[in-house]
Amino acid sequence: MNETDLMQLARQAIEDEDNARLNAKAAELATADERARLKAEQEAKQAHAREAAAKALNAKGVTLPDVARKFDAAVAALVALAESADLRNRTIRQQSAVLTSAGAVEQAGSGGNTVYLNGERHSIQDAKVAELMARALAVSANEVTTSDNGLRNLASVLGAHSGPLHRLTAVERAAR
């Protein structure tokens, strides 16, 4: 090997070393770029998930104030049901007393709890307040029961007060 060959080998070794250094630097930059791209993708995915969750949680009917308004409406409806049934029952008792005192009783009732008028029977047994309220809750719970919302148990517990769900009350039969 002569001096020219040695110089050539030295130049080649320096070039190879420079190429290796450049390739290592390029690989390092590519890895950093890939990490930055993956991080940007992850951040975009997280931002999208947050936006979707915020949209879903703020949808009409999902927010706590919306649920509170529905709760208030349900309470008002149950109060109206109880007041209506109670008014019916008080009216039956009052009219039973009026008819009895006037001697206009068509058929003997049961202690002022039933009135027979023009062949029609009016009884407080048809609209017991506790039974109607329990039934309203049990029927509504039965309508929306799923395996994970716990309403199946509620419908069962209320069944003791409302009767079996397949049996309609006089009020329900009158509405149909």
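- At least one side-chain heavy atom of T63 sits under 4.5 Å from a side-chain heavy atom of N58.
- For the pair D72 and R69, the salt-bridge criterion is not met [side-chain N within less than 4.0 Å of a carboxylate O].
- In terms of heavy atoms, A56 sits closest to V62 at O-CG1, 3.7 Å.
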If you apply the rule side chain to side chain contact (heavy atoms under 4.5 Å, CB included), what do you find for V144 with L151, and how did you get there? CA-CA 8 Å; V144 295; L151 292 178; 3.4 Å; yes

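- Residue A85 comes nearest to A127 through the heavy atom pair CB-O, 3.6 Å, listed as atom of the first residue, atom of the second, then distance.
- Separating the CZ atom in R88 from the NZ atom in K128 is a distance of 13.0 Å, to the nearest 0.5 Å.
- Put simply, CD on Q12 and CG on N19 are 8.5 Å apart, with the number rounded to the nearest 0.5 Å.
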Check the pair K25 / L22 against side chain to side chain contact (heavy atoms under 4.5 Å, CB included), numbers first and verdict last. CA-CA 5 Å; K25 186 67 173 172; L22 288 173; 5.6 Å; no

Between R11 and E15, does the salt bridge (Lys or Arg N to Asp or Glu O under 4.0 Å) criterion hold? Intermediate values first, please. CA-CA 6 Å; R11 257 188 254 128; E15 266 183 49; over 6 Å; no

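- With respect to the salt-bridge test (charged N to carboxylate O, under 4.0 angstrom), the residues D66 and K70 do not qualify.
- Remark: K55 does not engage E51 in a salt bridge, criterion side-chain N to carboxylate O under 4.0 Å.
- Between R37 and E41, at least one side-chain nitrogen of the basic residue sits less than 4.0 Å from a carboxylate oxygen of the acidic one, meeting the salt-bridge criterion.
- When the side chains of ILVMFWY residues are joined at heavy-atom separations under 4.5 Å, either directly or via intervening members, I92 and L117 end up in a single hydrophobic cluster.
- If you take NE2 on H122 and CZ on R93, they are separated by 15.5 Å, rounding to the nearest 0.5 Å.
- Within the model, atoms CG of L81 and CG of D86 stand 11.0 Å from one another, a figure rounded to the nearest 0.5 Å.
- Heavy atoms only, all atoms of each residue included: T114 and S123 are closest at OG1-OG, 3.4 Å.
- In this structure, L154 and A141 approach most closely via the heavy-atom pair CD2-CB, 4.1 Å.
- Atom CG of D126 and atom CG of N113 lie 11.0 Å apart (nearest 0.5 Å).
- With respect to L132, the side-chain contact (heavy atoms from CB on, under 4.5 Å) criterion is satisfied by exactly one of V171, L78, L137: V171.
- When atom types are taken as modelled, the side chain of S84 and the backbone of A80 share no donor-acceptor pair closer than 3.5 angstrom.
- N23 CG to E28 CD: the interatomic distance, rounded to the nearest 0.5 Å, is 12.5 Å.
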